[in-house]
J.: 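Pasting in a structure now, in structure tokens, and then I'll have a few things to ask.
All chains are named by letter (A, B, ...) in the order of the sequence lines, taking the proteins before the strands, and each is independently numbered beginning at 1.
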Protein chains: 2
Amino acid sequence: MQNKRNFSAKREAIFQELAATDTHPSAEWVYERLKEKIPGLSLGTVYRNLSVFKEMGIARSVGIFNGQERFDANVSYHPHFVCKTCFRIIDLPKGFYPPEKNLYRMIERDCGVSVDDHAITFYGLCHECNGI
Amino acid sequence: MQNKRNFSAKREAIFQELAATDTHPSAEWVYERLKEKIPGLSLGTVYRNLSVFKEMGIARSVGIFNGQERFDANVSYHPHFVCKTCFRIIDLPKGFYPPEKNLYRMIERDCGVSVDDHAITFYGLCHECNGI
DNA sequence: CTAGGTGCAAATTTTTTGCACATGC
DNA sequence: GCATGTGCAAAAAATTTGCACCTAG
């Protein structure tokens with residue numbers, strides 16, 4: 001496993017930007033924020049590095065919402081809430097809906113597949129879009 | 001000829017094709033299958049009608065996998081399994097990982113959002129891709 | 001006639017990729 | 001020098017849309 005100290009300056013900055021937010025940003029969002037600090041940055045580099053992070057296992061995709069893939073540097077399991085209106089993505093505590101111990105093994109036995117991951121996503125309206 | 005839904009012939013055929021399969025197909029898949037039976041059909045019409053079905057609540061999106069949105073005419077809640085290699089999508093019995101009664105209300109109270117839906121997706125390798 | 005549905009192709013949007021150049025060891 | 005990283009723009013791929021026509025009622 002590669003230490004992120006060996007990252008290039010731009011790769012490091014992209015990872016830090018992703019890791020420092022809880023907004024589960026898109027590539028575009030990361031690019032827009034970083035191009036102020038790093039004038040030479042290109043959007044393609046952001047895409048390429050987000051792919052690198054996924055392959056390394058230090059980031060994951062939350063899903064594609066409103067046509068844009070959303071990323072998360074918090075790779076420990078937790079459910080998400082997605083607002084159907086503004087596509088805000090909120091982390092939910094792991095305590096909501098915790099997976100049973102042998103759930104993957106049960107599915108494997110009953111369905112003839114191998115399972116190594118899962119995702120839980122709730123949908124609705126966030127506080128701002130709810131008109132409250 | 002009029003059917004009970006008042007769908008046009010093509011709309012009805014698209015819905016029937018979606019409802020008759022458990023493959024959770026993409027628009028392309030539906031189009032490829034139907035264009036043999038309905039020579040004049042166009043891909044745009046398939047896309048437009050799948051959107052209509054989603055708005056009507058008689059179909060839903062399973063998610064976007066391998067760049068293609070996948071649809072399901074089975075709108076009653078059930079978890080899905082997605083093969084990371086071939087992107088086959090398999091229905092799992094509702095009994096796996098059933099939601100707790102007041103889960104939505106708990107999330108609403110604790111997180112200040114309104115919740116009306118959720119999805120659970122397991123990932124791994126299907127039987128064919130597992131080399132078994 | 002009217003309203004909705006469709007074919008067709010162009011446009012849109014997001015993401016990927018080819019290639020030349022840059023950078024660090 | 002060599003391998004990796006990057007800018008830039010073109011390409012790719014999926015989906016949406018504009019518009020003219022068509023069809024049912």
J.: Let me know the distance between CZ of A:F71 and P of C:dT15, rounded to the nearest Å.
T.: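 Taking CZ of A:F71 and P of C:dT15, I get 7 Å after rounding.
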
J.: Could you state the atom-to-atom distance from CZ of A:R70 to P of C:dT14 in whole Å?
T.: 12 Å

J.: Expressed in angstrom and rounded to an integer, what is the separation of A:I38 atom CD1 from D:dC8 atom P?
T.: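 From A:I38 CD1 to D:dC8 P: 14 Å.
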
J.: With distance as the sole criterion, is a donor-acceptor pair present between the side chains of A:N74 and A:S76 under 3.5 Å?
T.: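 Yes.
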
J.: To the nearest angstrom, how far is B:W29 atom CH2 from D:dT15 atom P?
T.: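 Nearest whole value for this atom pair: 15 Å.
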
J.: Base, sugar-phosphate or nothing for A:E69? Non-hydrogen atoms, less than 4.0 Å.
T.: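 A:E69: backbone/sugar contact only, no base atoms under 4.0 Å.
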
J.: Does a side-chain heavy-atom distance below 4.5 Å link B:F65 with B:I89?
T.: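 Answer yes - side chains close enough.
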
J.: Does the side chain of B:N49 get closer than 4.0 angstrom to OP1 or OP2 of C:dT6 through an N or O atom?
T.: yes

J.: Would you say A:K10 places a side-chain N or O within less than 4.0 Å of OP1 or OP2 belonging to C:dT23?
T.: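 So the side-chain polar atoms of A:K10 never come under 4.0 Å of the phosphate oxygens OP1 or OP2 of C:dT23.
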
J.: For the base of D:dG7, is there a side-chain donor-acceptor partner from A:R48 under 3.5 Å away?
T.: yes

J.: Nearest whole Å is fine: how far is D:dT15 C1' from B:Y31 OH?
T.: 15 Å

J.: Less than 4.0 angstrom between a side-chain N/O of A:S42 and OP1 or OP2 of D:dC8, yes or no?
T.: no

J.: Of A:V46 and B:T45, whose nearest nucleotide on DNA chain D comes first from the 5' end?
T.: A:V46

J.: Any salt bridge between A:E32 and A:K35, counting N to O under 4.0 Å?
T.: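 Answer for the salt bridge query: yes.
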
J.: Considering only C:dT16, D:dT16, C:dG7, which nucleotide approaches the side chain of B:S51 most closely?
T.: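 Shortest atom-to-atom distance from the side chain points to D:dT16.
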
J.: Do the side chain of B:R11 and the base of C:dG4 come within less than 3.5 angstrom through a donor-acceptor pair of N or O atoms?
T.: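 No, no donor-acceptor pair under 3.5 Å.
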
J.: Does a side-chain heavy-atom distance below 4.5 Å link A:S8 with A:R11?
T.: yes

J.: May I ask you to say what B:L41 touches in the nucleic acid, namely base, sugar-phosphate or nothing, with a heavy-atom cut-off under 4.0 Å?
T.: sugar-phosphate

J.: May I have the distance from B:E12 (atom CD) to C:dG4 (atom P), rounded to whole angstrom?
T.: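 Rounding to the nearest Å, CD of B:E12 and P of C:dG4 are 19 Å apart.
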
J.: I need the CZ-P distance between A:F7 and D:dT6, as an integer number of Å.
T.: 10 Å

J.: Does a side-chain N or O of A:S8 approach OP1 or OP2 of D:dT6 to a distance below 4.0 Å, or not?
T.: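 The answer is yes; a side-chain N or O of A:S8 sits under 4.0 Å from OP1 or OP2.
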
J.: Can a side-chain donor-acceptor contact be found between A:S61 and A:E69 if the only test is distance below 3.5 angstrom?
T.: yes

J.: How long is the line joining CE of A:M56 and C1' of D:dG5, in whole Å?
T.: 14 Å

J.: If you check the B:Y47 side chain, which of C:dT14, D:dC8, D:dA14 turns out closest?
T.: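 Among the listed nucleotides, the one closest to the side chain of B:Y47 is D:dA14.
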
